[in-house]
Structures are given as structure tokens and as C-alpha cells.
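Have a look at the structure below before the remarks.
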Amino acid sequence: MTGWLIFFFAIFLASLVYASYKSYRKDRTSDEFIFAGSNIGAILGFLTFSAALFSAFTFMGMPDFFRVHGVGAWVFLAFSDALMVFFLIWFGYKLRQRAANRGYKGVAGLMKTCYDSSFAGYLIFASAFIFLIPYVAIQIRGISIFLNAAFPDFLPDWSWSAMMVAIMLAYAAIGGLKAIMYSDAIQGVILLTVIWIIGAACLEMSGGLQNAMATVAERNPSLTSLPGPKGLFSSQFLIASAIAIVLIPVSQPQFTTRLVVMKDLKSVHKMAYAVGIFAILVILPTASIGLYGAVKYPDASTAEFLSQALLFDQAVPVAALAVVGLFAACLSTTNAQIFALGTELRSLLTGSDRRIMMITKSSVFVFSLIVLVFSTYMSDELVLLARVSFTGTSMVAPAILGAVIFAKPPKELLWLSFLALLYFIFSIIELVPNQFWGMNLDFFLYCVLFILTALIMIRHQLKVNRGE
């Protein structure tokens, strides 16, 4: 397989070098470096959004999620992503409208301007930092698990992670957001191609869909229904997950910025529809791989299952392409999220363009080192860890939505988001209860946030109508 790996990696790295060359400009401003000229078309926009959304956790986490928890995984992700597409159309319009009126240097900077409060900017940056760092570490952890299982004793886990971070830093420093978007486009094509090849192969090795489903229904029938063998997919879990995923474009800055840098609203709409189609296409084969795992490797560990299903059970060229595809997926998503953190910090800075550029690049380096350390401590529950990240960042959604909807948003939304974020963090470190009256904490918080946000917004709109 070594020859095939060298061949595919050579093609992939050559495409990155070419993308860096096309993206590099010696005399570019910090705006051009950070926002890619704000002239992204529908095709590149859809590929970069999809690649950032469907990453290493989709490639590896979702098959394992199907294998362990059953068909409810489809409801968990596919239905939620479909809802997000419809929300994208409205949110993209309102966000671009507000960005045009108030200027846009990042979500944190926009919040600082709209609320006329530095606290608003720091709140958004803090939420992104606290939950994106672990999310990025998940991607690196996932690929390290796979590569270490595929090539045991070749390199320690941290070496794979360090290699990925080094490539990411070099690539981002040279090309900025435009280079990252090109990387996303390359990764998106590779991901979709590889996952369909492997999904089709796994379905065939399972004896076809009908035989595989019959085998699973006989061995572990709870995999074929809700709430699944471990009781994960309760109504509360599915509703809370859908809300968290729908709010991803609001609360995760790597996606929010991509909506702003599209060249026009028509491109945003085309991008949203294409993301919905991509979501279905990328999740379908993960179900086939998970079904194969439930038939062949029901009791295997995550690392054992992934290395067998994605590597050792596949034809040699396919296995080599899977390694490159996973590496590309992880690299692309990690790049996008670390760069987004740099963008958010930059949006809060003042001073000369040169100074801001230097601090932004330095911050990307520091964030990468923090991620590298975190990746060594993450568990193997990739999808559930990703969900915690989605939920955590969504706690600040009321503040962001208020700034997008109202010219002068009510500051009560800031404090509501701050208290929700603080309580969620305290629940993770087990300082406060994580259930109320039989309700899971995330579900309970969403109910409270929905009611209070609606009341605050209605009250504020009535004041605006009265001219107060």
C-alpha cells in the first residue's frame, strides 16, 4: 500500500501547494488575508461550507455512531442538517444586511459594535475559544486514532498530530482564508468520493442492505429502532441536538464568516441548497459503513472497527485513498476553525494593519499549540464530543440573533447568553446539576432560552414601535 499512499499524498500535497500559490499575495491587507476578498461564488462557497461542516468526525464518528447506537443516528444528523439549510437562507440574508450596515471583521467585532459593548465581543470570543478548541482537538484525535491503528508502532499519536498542525500552520500562513477555502473544496470532493466507495464496498461485504438489516435485527433488534440499544436517542436528545445543529451557522464563527464573504445573496441561497444535498449524500454511506460494523464488528473498539472497515477490509488503492481522505478532512476542518479563532481575536483588535496581521498570525500559532495538547486527552466518543461543542457555542445564539435582527439589540440578551453559557460550562465540570425535573440540561436550557429570548425580543419590538 505504500506506493499508493505516496501517489495519493503527492497529488493531494501538490494541490495544496498550487492552491497556496494561487492564494498568496505579497501586498495583501489583513482584510484580504482574513476574508478572501469577500467575493466567493456559490460553488466554492458550498464546498468550503460543507467541508468545514462534514469533517473527520463525520467520516469516522458517524459510522461508529450508527454501529453503536443504531438508525437513530440518521434522525440525529440528517434531519437536523435539513432544518439548518432552511434556517441558513433566512439567517444569511439578515446577517449580510447587518454586516453591510455595521461593518464586519468577525462575529465578536460585530457584536461589540451592535451592542456598543466590549463585553459582547469578549463573550462571543470566549464561547468560541472554549468550545472550538476541544472540537478541533476531536478532529486531530480522530485521525490519530485511525493512523495509529493503521500503522501501529510507526509513530506515536502526538507525532501524527504534530505533523498535521505543522502543515496546517504553514498552509494558513501562506494563503489565508482563500487558501483554506481551496483546501476545503479539495477535501469535500475527496471526502464524498472516498466515503461512497467505502460505503458501497461495505454494503456489498455485508451481503446487501436487506441481508445486513436482517442480520442486525436478529442479533440486536434495538439498533433498528429508537431510542437505540443504549437509550441515547430520546425525544429530548433529538430535539436538543436539532436545535444545536441548526444554530451552528449562528454560533460557530467559521460558518458565520463564510456567509458574509459570499459575493451576493443569490450565491448564499445556492450554497444553502447545495449543502443540504451534500449532507444527504455524505451521511447515506456512513450508515452503510456503520451497518457493516454492526454485522462484522459489533463488539470491537472504535479504533479496531475503523481500521478494519476503512482500511484493512478494503482494496489497497481504496484503503490508501481513505487515509489521504481522512487526513485531508481533518486538515481542512482544523484549518477552518483555528483560523476562525484568529479572525475573532483580530476583530477585537485596534491599531495598524501590520500590527493586527502579526498578532492574528501569532494567535493562530498559539491556538494550534493548545489544540495539539488537548488532542492527547480527548476520548474516542467523537460524535458526542462534537455535539457538546455545538451545544456549548449555541448558548450565545440569543445575543447574536438579537444583533442580527435589531438595529439596537436589547442588552438583556447579552446577559441571558452569558448566564446560559456559564451554567453549561459549570455543568460540564459537574459543579451544578445536569438535569431538571427529568429533563436533560441542554433540552431544559433551550426551553428556557426560547421563552426568555422571545419575551425579550417582543418587549423590545413593542418599545421600538412606540418610539422609545
Run Thr256 and Leu259 through side-chain contact (heavy atoms from CB on, under 4.5 Å) and show every step you take.
CA-CA 5 Å; Thr256 312; Leu259 292 174; 5.5 Å; no

Counting C-beta onward and ignoring hydrogens, is there a side-chain heavy-atom pair between Gln254 and Phe339 closer than 4.5 Å?
no

Side-chain touch Phe255/Leu88, heavy atoms, less than 4.5 angstrom:
no

Within a strict 4.5 Å, meaning less than it, do heavy atoms of the Pro253 and Leu132 side chains meet?
yes

Would you sort out whether Ser15 and Tyr182 count as a side-chain hydrogen bond (donor to acceptor under 3.5 Å, both in side chains), showing the intermediate values?
CA-CA 9 Å; Ser15 65; Tyr182 284 139; over 6 Å; no

Evaluation steps, salt bridge (charged side-chain N to carboxylate O under 4.0 Å, His left out), between Asp264 and Lys270
CA-CA 10 Å; Asp264 53 39; Lys270 290 180 179 178; over 6 Å; no

Enclosure of Leu265 CG (heavy-atom neighbours >12, cutoff 6.0 Å)
yes

Between Asp184 and Arg258, is the side-chain contact (heavy atoms from CB on, under 4.5 Å) condition met? List the steps.
CA-CA 12 Å; Asp184 288 343; Arg258 278 160 170 73; 3.0 Å; yes

Does the side chain of Val318 reach to within under 4.5 Å of the side chain of Leu310, using non-hydrogen atoms?
no

Within a radius of less than 6.0 Å around CD of Gln97, do more than 12 heavy atoms belonging to other residues, nucleotides or ligands occur?
yes

Evaluate the side-chain proximity of Phe8 to Ile190: yes if any heavy-atom separation is below 4.5 Å, no if none is.
no

Leu341 vs Ile133, side-chain contact (heavy atoms from CB on, under 4.5 Å): CA-CA, chis, key distance, verdict:
CA-CA 9 Å; Leu341 285 176; Ile133 289 292; 3.7 Å; yes

Thr48 side, atom OG1; Ile40 side, atom CD1 - distance, nearest 0.5 Å:
8.0 Å

Determine, step by step, whether Leu223 and Val71 satisfy the side-chain contact (heavy atoms from CB on, under 4.5 Å) criterion, reporting the C-alpha distance in whole Å, the side-chain angles of both residues, the deciding distance to 0.1 Å, and the verdict.
CA-CA 6 Å; Leu223 282 172; Val71 295; over 6 Å; no

Closest heavy-atom pair and its distance - Ala185, Leu44:
CB-CD1, 3.9 Å

Residue pair Val404 / Arg98: nearest heavy atoms and the distance that separates them
O-NH2, 3.3 Å

Taking the cut-offs as 6.0 angstrom to the six-membered ring centre and 45 degrees off its axis, would you call Arg67 and Tyr297 a cation-pi pair?
no

Specify the closest pair of heavy atoms between Ser394 and Leu247, including all atoms of both residues, with the distance to one decimal.
CB-CD1, 4.0 Å

Under 3.5 Å, is there a donor on one side chain and an acceptor on the other for Ser347 and Tyr104?
no

Could you tell me whether a side-chain N or O of Glu304 sits under 3.5 Å from a main-chain N or O of Ser301, the two making a donor and an acceptor?
yes

Which pair of heavy atoms, one from Gln314 and one from Ala201, lies closest together, and at what distance?
OE1-CB, 3.3 Å

What do you reckon, is CZ of Phe9 surrounded by more than 12 foreign heavy atoms closer than 6.0 Å?
yes

For residues Ile428 and Phe131, determine if any side-chain heavy atom of one lies less than 4.5 Å from a side-chain heavy atom of the other.
yes

Just checking Phe79: does its CZ atom have more than 12 heavy atoms from other residues, nucleotides or ligands closer to it than 6.0 angstrom?
no

As an exercise, state the distance from CD1 of Ile124 to OG of Ser251, rounded to the nearest 0.5 Å.
9.0 Å

Closest approach of Val189 to Thr193 (non-hydrogen atoms, all atoms of both residues):
O-OG1, 2.8 Å

Rounding to 0.5 Å, atoms CZ (Phe91) and CD1 (Ile400) come to a distance of 6.5 Å

Side chains of Leu47 and Ile186, heavy atoms from C-beta outward: is any pair under 4.5 Å?
no

Rounded at 0.5 Å granularity, tell me how far CE in Met181 sits from CD in Gln187.
14.0 Å

Check the angle between the aromatic planes of Phe46 and Phe278 and answer parallel, tilted or perpendicular using the 30° and 60° thresholds.
perpendicular

In terms of ring plane angle, is the pair Phe76 and Phe233 parallel, tilted or perpendicular, where the classes change at 30° and 60°?
tilted

Show me the donor-acceptor pairs within less than 3.5 Å that the side chains of residues 237-244 make with the rest of the protein, sequence neighbours left out.
unit_1 : atom_1 : unit_2 : atom_2 : d
Ser241 : OG     : Phe237 : O      : 2.7
Ser241 : OG     : Arg387 : NE     : 2.5
Ser241 : OG     : Arg387 : NH2    : 3.3

So do the side chains of Ile359 and Arg346 get within less than 4.5 Å of each other, counting heavy atoms only?
no

One should read off an interatomic distance between Met62 CE and Leu284 CG, to the nearest 0.5 angstrom, of 11.0 Å

Can you give me every donor-acceptor pair (side chain of residues 205-216, partner residue at least two apart or in another chain, under 3.5 Å) with its distance?
unit_1 : atom_1 : unit_2 : atom_2 : d
Ser206 : OG     : Cys202 : O      : 2.7
Asn211 : ND2    : Gly207 : O      : 2.8
Thr215 : OG1    : Asn211 : O      : 2.9

For a quick test of reading the model, state the closest non-hydrogen atom pair linking Arg96 to Val268 and the distance between them.
CD-CG2, 3.7 Å

Please confirm whether the backbone N or O of Phe125 pairs with a side-chain atom of Glu344, one donor and one acceptor, at under 3.5 Å?
no

Among residues two or more places apart or on two chains, list those pairs meeting ring pair (Phe, Tyr, Trp, His ring centres under 6.0 Å) that have a residue in residues 185-214.
none

Euclidean distance, Met395 CE relative to Phe390 CZ, rounded to 0.5 Å:
13.5 Å

